[in-house]
J.: 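Sharing a structure here in structure tokens format.
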Amino acid sequence: MGSDRHIVLGIESSCDETAVALVASDRTILAQRIASQEKEHAPYGGVVPEIAARAHAERLAPMLEAVMGDAGMELADVDAIAATAGPGLIGGVMVGLVSAKALAMAADKPLMAINHLEGHALSPRLADANLEFPYMLLLVSGGHCQILSVEGVGEYRRLATTIDDALGEAFDKTAKILGLGYPGGPAVEKLAREGDPEAVPLPRPMKGSAEPHFSFAGLKSAVLRAVESGEYTRADIAASFQQAAVDCLIDRLEKALRETGQMPALVVAGGVAANMTIRAALEELAEQHTMRFVAPPLALCTDNAAMIAWAGCERLPLDQSDPLDFKALPRWPLDPEAEAVRGAGVKA
Ligand code: KG4
Ligand code: ZN
């Protein structure tokens, strides 16, 4: 290896994507493969943990072989093996972590047990070499809804999280209520384009609250009542739901910014970052606060292994490797100082 260029193999298996990537510290993604389990889970309207774990176990070894082949590399060429070690669905996490341990042991390479949320938090720096610390990160996915002040590698201050559902989960549940498929986010966004965002009076949970957190459970219940009332079109409900979600995000980010003071950049990550209405609102907010707005390419926003390998690349020079008996963690807050919030979901 060159004196400061290093290569990390990354594995992600915490939810319903099996993913493997080889990333170099100069921000080159040398190879990556990702297999979605959407088809397996679609009949159940959500991710079934047992099915997910089995699918990861079947796919991971051939994918590892394929990625090494794509890059024309062998394990000996790699400087460290990184895998998501939590938080997430524990069966799947264990499949990825145990595989990484076996590879690390066989090839005598350091193991890096990566917090999935750290993967998301640092991924914008893989896409954008100019993104310096600190930055404000809105992490919005099916499992997470957090605002983080990303202050350095391993230095994360959680400013807000959800006290019940994640935003992607609220999109998915709304889709279910409206009779759209899974995953629901893209379907809700599409239908919302035909609707009036002001048509249905829906709540903005936590808006203006002295607490910094999010809540989306009440919004989902209000969507259900709106459907049952028979007074509104599905498109109007979808559009009004999306607008309510945007208003909540902006209100909570404004509060976080009052807390931190000026930040150089606002960054969004997670699957919900695909939503164009949300992106536009965030971009406008960033402009009002004279912050740069950074939205990494979607393939880096949704769950992937390049972000896990990249977190390994960021940590390797800091000598942060982990022991081979590192335990998979179903819950693993990124900011250990952050207060537990009532009812926070398993993945928060
Ligand atoms: O990051 P991700 O792929 O996986 C998790 O870690 O959860 O995020 C998936 C979530 C799902 O809840 C999906 O409905 C939501 O992201 N999503 C969207 C959109 N595309 C995906 N939500 C709103 N609008 C979208 N266009
Ligand atoms: Zn994720």
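Ligands are counted one by one from 1 in listed order, and the atoms in each one are counted from 1 as well.
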J.: Numbering the atoms of ligand 1 from 1, which are under 4.0 Å from a heavy atom of Val272?
T.: 15 (C), 16 (O), 18 (C), 22 (N), 23 (C)
J.: Has Lys255 got a side-chain atom pairing as donor or acceptor with Gly208's backbone, closer than 3.5 angstrom?
T.: no
J.: Just verifying a value: how many Å separate Leu316 CG and His6 NE2, rounded to the nearest 0.5 Å?
T.: 4.5 Å
J.: Using heavy atoms and a threshold below 4.0 Å, how should the contact between Asn275 and ligand 1 be classified: side chain, backbone, both, or neither?
T.: both
J.: State the atoms of ligand 1, each with its element, that fall below the 4.0 Å cut-off from a heavy-atom position in Asp172.
T.: 11 (C), 12 (O), 13 (C), 14 (O)
J.: Using a 4.0 Å cutoff against the non-hydrogen atoms of Glu189, which atoms of ligand 1 qualify?
T.: 25 (C), 26 (N)
J.: So, the side chain of Ser240 versus the backbone of Ile237: is there a donor-acceptor pair under 3.5 Å, distance only?
T.: no
J.: List every atom of ligand 1 that sits less than 4.0 Å from any heavy atom of Phe171, numbering the atoms from 1 in the order shown and giving each element.
T.: 22 (N), 23 (C)
J.: Does a sphere of radius 6.0 Å around CD in Glu339 hold more than 12 heavy atoms from other residues, nucleotides or ligands, not counting ones at 6.0 Å or beyond?
T.: no
J.: What N, O or S atom of Asp303 is found closest to the Zn ion (ligand 2)?
T.: OD1
J.: Does the Lys NZ or Arg CZ of Arg125 fall within the cation-pi geometry relative to Phe133 - under 6.0 Å from the ring centre and within 45° of the axis?
T.: yes
J.: Give a yes/no answer: is there an N/O/S atom of His120 under 2.8 Å from the Zn ion (ligand 2)?
T.: yes
J.: Please list, in number order, the atoms of ligand 1 under 4.0 Å from a heavy atom of Gly271.
T.: 1 (O), 2 (P), 8 (O), 16 (O), 17 (N), 18 (C), 19 (C), 20 (N), 21 (C)
J.: Go through ligand 1 atom by atom and flag the ones less than 4.0 Å from a non-hydrogen atom of Thr302.
T.: 1 (O), 3 (O)
J.: For ligand 1, which is the ligand I care about here, please tell me if Gly270 has any N or O atom under 3.5 Å from one of the ligand's N or O atoms.
T.: no
J.: Would Tyr156 and Trp332 count as a close aromatic pair, with their ring centres under 6.0 Å?
T.: no
J.: Closer than 4.0 Å to some heavy atom of Gly143 - which atoms of ligand 1 meet that?
T.: 7 (O)
J.: Ring-plane angle category for Phe171 and Phe241, please: parallel below 30°, perpendicular beyond 60°, tilted otherwise.
T.: perpendicular
J.: Is there a polar contact, in the sense of an N or O pair closer than 3.5 Å, between His120 and ligand 1?
T.: no
J.: Can Pro186 be said to touch ligand 1, with heavy atoms closer than 4.0 Å?
T.: yes
J.: Does the plane of the ring in Phe214 sit parallel, tilted or perpendicular to the ring in Phe216? Use 30° and 60° as the thresholds.
T.: parallel
J.: Check this for me: does any side-chain nitrogen of one of Glu40 and Arg54 sit under 4.0 Å from a carboxylate oxygen of the other?
T.: no
J.: Under 2.8 Å from the Zn ion (ligand 2) - does any N, O or S atom of His144 fall there?
T.: no
